[in-house]
K.L.:
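This is the structure I want to talk about, given as structure tokens.
All chains are named by letter (A, B, ...) in the order of the sequence lines, taking the proteins before the strands, and each is independently numbered beginning at 1. Atom set for the values below is all heavy atoms of this structure, side chains included, hydrogens, waters and symmetry mates excluded.
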Amino acid sequence: MTQGTQSIHRETFVLNLGPQHPATHGVLRIKLTMDGEYIEDAEPVIGYGHRMQEKMGENRSYAKYLPNTARLDYVAAMFNTHGYVCAVERLAGIAVPERAEFIRVITAELNRVASHLLWVGAFLVDLGGFTPLLYTFDDREQILDLLEATTGARLTFCYYRFGGVCNDIDDDFVAGTRKFIAHLRSRMPMYHAFITKNIIFRKRCEEIAVISAETCRKFGATGPVIRGSGVAYDVRKLEPYSVYPRFNFNVPVYPEGDCMARYRVRMDEIEESLRILEQALDQLPGGPVMAEKVPRILKPAKGDCYFNVESARGTFGVRLVSDGTDKAYRLKLRSPCFSNLSLFQECSRGLLLPDALALLGSLDLVIPDIDR
Amino acid sequence: MSLENLTKKFLEIAVQSAPPAPGPDTPAAEPQPLVVATQHAVKGYDLDVTVPPERVLDAARIMDEAAFMLESITGVDWLAEQQLEVVYDYTCLVSGARVTVRARVPRATPELPSIEALHPGANWHEREAHDFFGLIFTGHPGLIALLLPEDATFHPLLKDFSA
Amino acid sequence: MWNYLKEIWLGTYSLMVGMWITLRLTFHRPVTVQYPYQTLKLPARFRGHVQLPLDANGKPKCVACMACARACPSNCITMEGHKPEGATRRELSKYTLDFTTCSLCGLCVESCNFDALEFSKDYNLASLDKGDYVMDLLKPAGKEQPK
Amino acid sequence: MIPQEIIWEVVRLTLYVVGLIAFAAFNAAYLSLAERKVPALFQLRYGPKEVGPYGLLQPVADGLKLMSKQLLVQDGTDVFLFKLAPVMVIVPAVMCLAVIPFSETVSARNISLGLLAVFSFSSVHVLGTMLGGWASYNKYASIAAARVVAQNIAYEIPLLLVVVALVMATHTCNLHEIVDQQAGAFWHWNVFRFQVSPLMPVSFLLFFICMLAEANRAPFDMYEAESELVAGAFTEYSGMGFGLFFIAEYANIVVGCSMATVLFLGGWHCPFGLLPGLHWFLIKLYVLCFCVIWVRWSFPRTQFYTLLNLSWKLLIPLAFINLVLTAVMLKIFG
């Protein structure tokens, strides 16, 4: 609001963005107090898709809760299951064989690439360009076919088990993944020419909705949002888990903090994940995919532990408190989109409506992951 | 900000919070800020600090000065000891070190100060803890329902909650 | 002034490249599958709803040990078994799967030691009445199995 | 007794108007089919194939569906304005068509100020859209109404400046004569009349961009920005109310493209000077319509202030340069 207009009595009106709105990717309502097209205050109202996942975690045994974890952030479902399974393994002290760890990393990174591809398409639709969505979905379809051939499901995989994975990957999965890596690498220059260098896209994203590193830290935003603001915080590097230390990959960081930076972080992360996939496929050891004696009814020792995983949208943390029985005493799911959305109120003040939607799109939200 | 001087800072809180007079009704032993260094690989966090509820704000100030980020606030309902435990998870963005600050509050009067002023991210976490456990964070700007319907009076994650 | 003009020129050039890419992609073959007329071949491990394969002499291998009913997170399997006199092992008399609550996680198939359960390749299950989804798996599958 | 030729003239005119309305409706139907088939080409898919052979009857199905829907009028809306808006949007578009010379003989009225008539009619539909947005008592629609007015004002000026520069060269506002001046092969077309002004192709591009913005199309579809304003000015319209807006949008595209053809691409003249006629006009018209659809499906939407900056800071100065250059060149080469 320019200084000149301060004196004029300005009447603000409340605009409801959602809960059914094409740009909210799920059932999220944002109460916008608008002054003309400028946003004075945006208050997200969540809870429309709340299923009390944490109570389900308490009244189901560990193994029976496994399918629920894929229903949290269903676009990158592997990471939720990975976080939950590793938390239980850390508490119960189960050692996972080498090959299973590699398979977990391979399927997780494939899921990250699929999630970022879906995000690029959906982000462009938010900005009004419809065609890139079809191209990214075409590429993502190949990943889903690969994962469907190994796990049996396309979106909510229930593939990991305590102590490994439920069935082994075969040769045409490995060959298919290598073919996919080569295919996507050949498509990336087209995406950069078609989207990144496009002047209209650059005008829509550069210097729009800048989020400072301090705001990200204060609100607990993680993942591509904080890496877009210049902080190289990646759980795979800072708190290495599984076999990630064996691969060399770098964490893309862009200091600007605007929508363009977050877009670039995700595009570079696709390339980094392809590098990880290649190295993982090269170093894939033989051996069993399940730990030998995993008790059918798991009763981990009393106590609590915390395990977090670098999901496609940020750190997905699981705090597990167990009291020795076969059901968790308390299961806390720290969802990345929950904190990423919490900074929307702060950062969208004074933005125009289309820019606020560009900010909302660049946060890459999955609403059931927020509502749990 | 290495873990050692973090531990020193946390121990200072113990000195300042000398208990006024051990009230007859404090059920558990006077909760000293136990500072236990744990192995990251085993427990998932490096420093486990138990803090009396009123010192939670100071712990948050230490964490804020050390440029830690608040990951999440977890409520745990210990029905046996009639206590509600609030667990704050902080993580350092640079070194990846992780600090867990715990505070125990009697179930009858579940009040503790809100750290929303230092970590605005806690705003939603505290509202969620209020939804699920009935914890009341004094000083919180808008402690209304976040995930549950506005008129919800029940707190589902309490152990004695029956649907 | 100079970089203003340069930015305009680069901008228009990027627009031209964008339009050339869309035009170039018109010559690619469409990738979409015309569903009712063409169907994709399902992978071997595709997880449709659960079914009871028949052994050599046409009877399900299930011995009604209720392992799958216990393993199911959402209790969709209800089953009864009986032991006909003179027979060595138990027989199944009732086996219904409530497909409305099944989350296709596969824990039941894994829990069965007699591999009496497997995933079907049945995906087009649209129906107007919710009752159709409480499937009685003992009845021989009426519908022909799509490939 | 009314003289014979006036009766014939009235009969001829009514036939032409009926034909033009049919032409506008036919174009709306099959351009909307093109709007779904052409992007299907870009996006590696097929587009509608079910209704009729290769989906050719799809527009008929859409039309019937729209007609069968009830036009809901919210309470609190200004019913008269709500119903008037679609009419006010489609009538000017059809009236512009009446003046455009499709070929030597095929044109409703050959009036000497055809150019002036087209641009005066085409500025009325802004009022209709704004009325529609304002009268439908919906927050998204009123934002869209405010946007559409600002956008059309910003893009009316460069459009007219380009046309003024052209009229300085053609010395006439009669569309027939403008096309006649471009007879012969394609280097006679106004686009390549470099002795008038070397910036002629640039001014054609400018005209095309402004025409896109006038018709609220492609990267400038501010008033129907799906991802922001849900459906913009016609959020509240359903049934044939929405149908009329739909037909008007395509009629505006057809008017814009045919004006571009008449002014710059030599109307009904063939690029190589042999057998000019209506077919060449239609070929050029539909090539330009293909470009309009092609532009729409290749780019995201601009922001609103970038759109206005583009016009005030880039297109209008360019149009002025073109105007001055044309004046200088005409002075020198006479």
Side-chain angles (χ1 to χ4, degrees), chain A residues 56 59-71 81 129-132 134-135 137-139 141-142 144-159 161 166-170 172-173 176 187 189-203 290 296-297, chain C residues 4 6-26 28-33 40-50 65 67-77 101-113 115 118-121 123:
Chain A
M56 280 199 253
N59 49 32
R60 285 172 187 228
S61 76
Y62 289 103
K64 287 193 174 179
Y65 186 70
L66 212 61
N68 279 32
T69 54
R71 269 75 178 173
T81 320
F130 189 77
T131 317
L134 274 304
Y135 300 153
F137 263 59
D138 174 27
D139 291 337
E141 213 49 45
Q142 297 174 24
L144 296 190
D145 291 346
L146 280 173
L147 290 177
E148 184 184 23
T150 25
T151 65
R154 293 176 70 83
L155 203 64
T156 55
F157 323 99
C158 187
Y159 183 49
R161 296 290 181 274
C166 67
N167 43 32
D168 201 342
I169 57 174
D170 40 23
D172 42 22
F173 172 82
R187 286 274 277 205
M190 186 273 279
Y191 284 134
H192 282 301
F194 191 45
I195 304 170
T196 318
K197 296 197 183 67
N198 189 308
I199 182 83
I200 297 178
F201 176 76
R202 287 216 325 265
K203 278 276 183 293
M290 265 302 266
R296 192 176 284 279
I297 310 290
Chain C
Y4 179 63
K6 201 160 75 65
E7 195 201 319
I8 294 167
W9 162 243
L10 281 182
T12 2
Y13 177 68
S14 74
L15 293 183
M16 293 307 141
V17 164
M19 289 172 79
W20 167 243
I21 286 171
T22 31
L23 194 67
R24 184 161 49 91
L25 281 172
T26 50
H28 283 240
R29 219 176 24 74
V31 292
T32 47
V33 171
L40 288 175
K41 197 184 143 337
L42 290 177
R45 287 184 185 157
F46 173 75
R47 296 203 288 235
H49 65 79
V50 184
C65 68
C68 52
R70 280 195 304 273
C72 173
S74 23
N75 310 327
C76 357
I77 299 173
T101 55
C102 166
S103 60
L104 288 170
C105 58
L107 295 179
C108 51
V109 173
E110 267 161 47
S111 70
C112 181
N113 303 335
D115 59 47
E118 66 175 14
F119 292 109
S120 74
K121 300 287 181 285
Y123 59 89

K.L.:
For chain C, find which of A:I200, A:I195, A:T150 contributes the most heavy-atom pairs closer than 4.5 angstrom.
P.N.:
A:T150
K.L.:
In terms of heavy-atom pairs under 4.5 Å with chain A, which of C:T12, C:L25, C:L10 leads?
P.N.:
C:L25
K.L.:
Can you name the nearest heavy-atom pair linking C:L104 to C:R47, along with the distance?
P.N.:
O-NE, 3.0 Å
K.L.:
With a 4.5 Å heavy-atom cut-off, do A:R71 and A:L155 have their side chains touching?
P.N.:
no
K.L.:
Of all heavy-atom pairs between A:N167 and A:Y159, which one has the smallest distance, and what is that distance?
P.N.:
O-OH, 2.7 Å
K.L.:
Can you see which heavy atom on C:F46 is nearest to which on C:K121, and at what distance?
P.N.:
O-NZ, 3.7 Å
K.L.:
Tell me, for C:T22 versus chain A, whether the close heavy atoms (under 4.5 Å) come from the side chain, the backbone, both or neither.
P.N.:
both
K.L.:
Could you look at A:Y135 and say if it's the side chain, the backbone, both or neither that has a heavy atom under 4.5 Å from chain C?
P.N.:
side chain
K.L.:
Does the side chain of A:N59 come under 3.5 Å of the side chain of A:Y65 through a donor N or O and an acceptor N or O?
P.N.:
no
K.L.:
Taking side chain as C-beta onward, heavy atoms only, is A:D139 less than 4.5 Å from A:R187?
P.N.:
yes
K.L.:
What part of A:R154 is in contact with chain C, defined as an atom under 4.5 angstrom from a non-hydrogen atom: side chain, backbone, both or neither?
P.N.:
neither
K.L.:
At a heavy-atom separation under 4.5 Å, does A:A149 approach chain C through its side chain, its backbone, both, or neither?
P.N.:
both
K.L.:
Chain C heavy atoms under 4.5 Å from A:S61: which part of the residue, side chain, backbone, both or neither?
P.N.:
neither
K.L.:
Name the region of A:N198, side chain, backbone, both or neither, that has any atom closer than 4.5 Å to a heavy atom of chain C.
P.N.:
both
K.L.:
Please flag which part of C:P43 lies under 4.5 Å from any non-hydrogen atom of chain A: side chain, backbone, both or neither.
P.N.:
side chain
K.L.:
Looking at C:E7 and A:K203, is any side-chain nitrogen of the basic one under 4.0 Å from a carboxylate oxygen of the acidic one?
P.N.:
yes
K.L.:
Between A:T196 and A:R202, is any pair of side-chain heavy atoms under 4.5 Å apart?
P.N.:
no
K.L.:
Looking only at heavy atoms and a cut-off of under 4.5 Å, which of A:R161, A:R60, A:E141 has the most pairs with chain C?
P.N.:
A:R161
K.L.:
Chain C heavy atoms under 4.5 Å from A:R296: which part of the residue, side chain, backbone, both or neither?
P.N.:
side chain
